[in-house]
Amino acid sequence: MGQSVLTTAFARRDGVLYCEDVPAETIARQAGTPTFVYSAAVLRDRYRRLAAALAGVKHRVHYSLKANANRAILSVLRELGSGADVVSGGELHRALRAGFHGHDIIFGGVGKTGQELREALKAGVKLINVESEAELYLLEAIARELGVVAPVGFRINPDVTVENPHAYIATGSRGHKFGIPHDEALDLAKKARALEHVELIGLDMHVGSQLATLEPYRAGLERLRELAERMVGAGAPIRYVDIGGGLPVRYDEGDVEPDLDAFARIISPVVKRMNAELIVEPGRFFAAASGVLLARVLYRKRSGGKDYVIADAGMTELLRPSHYDAYHLIESAKPSGERAVVDVVGPVCESGDFLAQDREMDDMEPGDLLVIHTAGAYGYVMSSNYNARPKAAEVMVDGARFAVVTARESYDDLTRLEQAHPDWRDV
Ligand SMILES: *Cc1c(COP(=O)(O)O)cnc(C)c1O
């Protein structure tokens, strides 16, 4: 707790910003901008702290690829013992390619296609978290066809109140599209028992992201425990209890890092009483603070009484400010000491294309390097080619070395799938 927004991995030496032992400016010069930079040390530190806090309870961490599916990040976490949590066939593909085995992978998501369910079964995943009765029957049919028994978890909507910074990242209250309503789950468990090719062995929830308090975990888990008890009574041995992701990170001075020991104290006794293995699926908690976005200042301008810093990154690279009204600390890699109140905006033809508004921050000149902090989660994965902007590069730093782990897209990449001479089909 009480850790600065600026982790020690992104700190200043003699006034210039470093990523671990590599100056940010060196990376920007060699890899260009905009570029996401991830610190292997931060990933390792955060993984180890969570694993240590949960050491007293039988558990497995399944990193949520949704936050950042970069292969280098997956490798670092896999080597530490992490499993994977995926929500699409594409993420399953990425997880397998990064070396995760089927038994390391949990498959979730509210709208899995038949094809995706088939792929998950063929990969031999540890758990498929089912979100509706219709999905359960589709899974039964596909598993029958493949001659296997599908390991099933029920994603429960525990109907708990969640306090977090934006409605789009709350998912566990009545009326959300996610999960099986908790008061319908027991009936569905009884129906599942009659099916030959599904075995209900887990209960799951994911109540939201960037959770401001630990209370939703306590309340939601209590719901799962009650349900599990009744399900065991109905003949469904619940072996896994999956409490999803949602651990918050510190974006702004007012935010706090989660108290991992308090988290463990709330979770562990309940899980032990359930005699189950705990599964946690953090995404943001690992990835967010591990990454920064580097961007170059293109222009300064004054318009309509406002000062603008126009950067070569915007909503196409980091959608969070415009989509979630999210705050990211922004500073100069080499501050002049001058401060200004500015809007930091990108080059995209949208008024919603901003990284910060009315922000007092380092004053910047064209050519200066901007560092947008805590951008490792829900950054690159949400980026787009809008305005035909090639996607940014991704770099990993490990000590005094760095590597480009995703090349910047080229113009050719933008048109690679396009058909110059359409193959018309007469019907
Ligand atoms: C998004 C998501 C996660 C990860 O959430 P974070 O807030 O990034 O930890 C975990 N599990 C499920 C099912 C999700 O949809």
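In listed order, ligands and their atoms are each counted from 1.
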Chemist: Mark yes when over 12 heavy atoms from residues, nucleotides or ligands other than R97 sit less than 6.0 Å from its CZ; otherwise mark no.
Modeler: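 Result for CZ/R97: open.
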Chemist: Among all residues two or more places apart in sequence or in another chain, which pass the ring pair (Phe, Tyr, Trp, His ring centres under 6.0 Å) test with F286?
Modeler: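 Ring pair (Phe, Tyr, Trp, His ring centres under 6.0 Å) list for F286, sorted by chain: Y47.
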Chemist: Ignoring hydrogens and geometry, is there a side-chain-to-backbone donor-acceptor pair from H59 to L54 under 3.5 Å?
Modeler: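 Present.
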Chemist: The criterion is ring pair (Phe, Tyr, Trp, His ring centres under 6.0 Å); which residues satisfy it with H323, sequence neighbours excluded?
Modeler: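 H323: ring pair (Phe, Tyr, Trp, His ring centres under 6.0 Å) contacts with Y168.
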Chemist: Tell me the side-chain hydrogen bond (donor to acceptor under 3.5 Å, both in side chains) pairs involving residues 309-321, sequence neighbours left out?
Modeler: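 Residue pairs passing side-chain hydrogen bond (donor to acceptor under 3.5 Å, both in side chains), neighbours aside: T33-D312, T316-R389, E317-R389, R320-H328.
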Chemist: Tell me which residues fall inside the under-4.0 Å heavy-atom shell around ligand 1.
Modeler: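 These residues qualify: S64, K66, D85, R155, H206, S209, G245, G246, E281, P282, G283, R284, Y378.
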Chemist: Please determine whether the number of non-hydrogen atoms from other residues, nucleotides or ligands lying under 6.0 Å from atom CZ of R12 exceeds 12.
Modeler: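 Atom CZ in R12 is packed in, count exceeds 12.
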